[in-house]
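Let me begin by presenting the structure, written as structure tokens, before commenting on it.
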Amino acid sequence: MQALTDQVAVVTGGARGIGRGIASVLAAEGAHVVIVDVEAELGAATAAELGATAVAADVTDSASIESMAARVVGDLGRIDILAANAGAYPFAELDALDEHVWNSVMDLNFGGAVRTVRACLPAMRARGYGRIVLTSSITGPITGQPGFAHYGASKAAMLGFMRSAAVELARTGITINAVMPGNVSTPGLADTSDEHQQRMLSSIPMGRYAEPEEVGWAVRFLASPEAGYITGQTLIVDGGQVLPEAPLG
């Protein structure tokens, strides 16, 4: 694949975890990466390490994310790639899944992706080119687990949005696809219980968690000019987790 030299790539939630892995790969491949994160100091520090640009913004706030897109276009002239990655996965079993918890996760994970896509589309439409990659998950669209019904619903909703958006954008030169990670070695995973981590690890045929950069390489493919005939599709990055017919021994 050709290098991403001169392309501008916006990565939301890019300060840490999967977002940082995506940002690091796109930067290494030549893109001018813009790390968008609500944590301004961490975003700036990550950007400094990767040779990227940092813009503090909140994907749950339309004005904030629209201001971010306007700033990127004003400073860099274009947006070629959007990795809509920002999200969270707080544990909440059904009895504790009140309206506040449900709404906050849906607003961040699903609503944040929609807001960011809408904010970046005008710049892509103006040039007749764009690559949008959403970070969904195997949890929700394919699998489920106790305590993550709200998270799974948000990630499944992203794919419903993606498919109709792909049809709507099909003749504009803009594609929209999604990566579906399994369990990735991130600070968020490290914050879960030892029992949860061992249970997840035992379900992965490869016997290890993904590294954030491995998700980043999947995004890099879908964000490439060569992937221009792929839209409305998903790419699972899970070490084979969804494959076994029975629990692994």
Side-chain angles (χ1 to χ4, degrees), residues 1-40 42-57 59 65 68-69 71-87 112-113 116-117 119-121 123-124 127 129-137 158 162 169 173-181 184-188 210-231 233-237:
M1 292 184 290
Q2 62 185 287
L4 300 177
T5 306
D6 297 329
Q7 293 201 26
V8 174
V10 171
V11 182
T12 65
R16 70 172 78 210
I18 292 175
R20 181 189 173 105
I22 295 170
S24 67
V25 169
L26 296 180
E29 290 292 286
H32 187 135
V33 173
V34 180
I35 292 176
V36 178
D37 206 285
V38 71
E39 298 186 66
L42 184 59
T46 301
E49 292 178 21
L50 300 180
T53 297
V55 177
V59 298
I65 211 68
M68 175 279 297
R71 177 176 169 183
V72 172
V73 174
D75 292 348
L76 301 174
R78 57 201 282 181
I79 297 174
D80 301 284
I81 298 166
L82 167 62
N85 168 81
T116 310
V117 169
C120 293
L121 269 178
M124 294 180 173
R127 297 185 59 248
Y129 180 89
R131 298 285 182 266
I132 300 168
V133 186
L134 311 178
T135 301
S136 181
S137 175
M158 291 170 69
M162 174 197 74
L169 296 171
I174 302 166
T175 65
I176 179 169
N177 295 287
V179 290
M180 297 172 63
V184 184
S185 182
T186 64
E211 294 300 323
E213 290 77 12
E214 292 179 299
V215 180
W217 283 109
V219 172
R220 192 268 187 259
F221 166 65
L222 292 173
S224 68
E226 290 84 351
Y229 203 60
I230 301 171
T231 195
Q233 304 303 314
T234 60
L235 179 55
I236 297 172
V237 188

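- With sequence neighbours left out, the salt bridge (Lys or Arg N to Asp or Glu O under 4.0 Å) criterion links Glu29 to Arg220.
- Leu50 is not listed as a side-chain neighbour of Val33, based on a closest heavy-atom distance of 4.5 Å or more.
- By the salt bridge (Lys or Arg N to Asp or Glu O under 4.0 Å) test, Asp6 pairs with no residue at all, sequence neighbours left out.
- Ala83 approaches Ile22 most closely through the heavy-atom pair CB-CG2, 3.9 Å.
- Put simply, the residue from Val36, Val55, Thr135, Val38 that forms a side chain to side chain contact (heavy atoms under 4.5 Å, CB included) with Thr12 is Val36.
- From Thr175, atom OG1 reaches atom CE of Met162 across 10.5 Å, with rounding to the nearest 0.5 Å.
- To the nearest 0.5 Å, atoms OG1 (Thr231) and CD1 (Ile174) are separated by 9.5 Å.
- Here the CE atom belonging to Met158 is positioned 12.0 Å from the OG1 atom belonging to Thr234, to the nearest 0.5 angstrom.
- The backbone N or O of Phe221 lies less than 3.5 Å from a partner atom in the side chain of Ser224, making a donor-acceptor pair.
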Inset, instruction - Using the side chain to side chain contact (heavy atoms under 4.5 Å, CB included) rule, take Met124 and Leu169 through it: C-alpha gap first, then chi angles, then the decisive distance, then the call. - result: CA-CA 11 Å; Met124 294 180 173; Leu169 296 171; over 6 Å; no

Side-chain donor-acceptor pairs under 3.5 Å in residues 211-219, sequence neighbours left out?
from   : atom 1 : to     : atom 2 : distance (Å)
Glu214 : OE1    : Arg208 : NH1    : 3.0
Glu214 : OE1    : Glu211 : N      : 2.8
Glu214 : OE2    : Arg208 : NH2    : 2.9

Inset, instruction - Could you walk me through whether Arg16 and Asp37 pass salt bridge (charged side-chain N to carboxylate O under 4.0 Å, His left out), step by step? - result: CA-CA 9 Å; Arg16 70 172 78 210; Asp37 206 285; over 6 Å; no

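- A side chain to side chain contact (heavy atoms under 4.5 Å, CB included) with Leu222 is found for one member of Ile230, Ile132, Ile81 and no other, namely Ile230.
- Looking at heavy atoms from C-beta onward, Val117 lies in side-chain contact with Leu134 at the 4.5 angstrom threshold.
- Listed by chain and residue number, Ile65, Glu66, Ala69 satisfy the side chain to side chain contact (heavy atoms under 4.5 Å, CB included) test with Ala119 (two or more places apart in sequence, or in another chain).
- A pairwise comparison of heavy atoms in Cys120 and Met68 identifies SG-CE, 4.4 Å as the closest pair.
- Asp80 has its side chain out of reach of Leu4: every pair of non-hydrogen atoms, C-beta onward, lies at least 4.5 Å apart.
- Expressed to the nearest 0.5 Å, how far OG of Ser136 lies from CG of Asn85 amounts to 11.0 Å.
- Looking at residues two or more places apart in sequence or on another chain, you find a salt bridge (Lys or Arg N to Asp or Glu O under 4.0 Å) between Arg20 and Glu49.
- Of all heavy-atom pairs between Ile18 and Pro181, the closest is CD1-CG, 4.2 Å.
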Inset, instruction - Evaluate side chain to side chain contact (heavy atoms under 4.5 Å, CB included) for Val34 paired with Arg71, printing each intermediate quantity in order. - result: CA-CA 11 Å; Val34 180; Arg71 177 176 169 183; over 6 Å; no

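- Annotation for Gly19 and Val11: closest pair O-CG1, 3.6 Å, computed over non-hydrogen atoms.
- The minimum heavy-atom distance linking Arg131 with Pro225 is given by the pair NH2-O, 3.3 Å.
- With sequence neighbours left out, Ala56 forms a side chain to side chain contact (heavy atoms under 4.5 Å, CB included) with Ala40.
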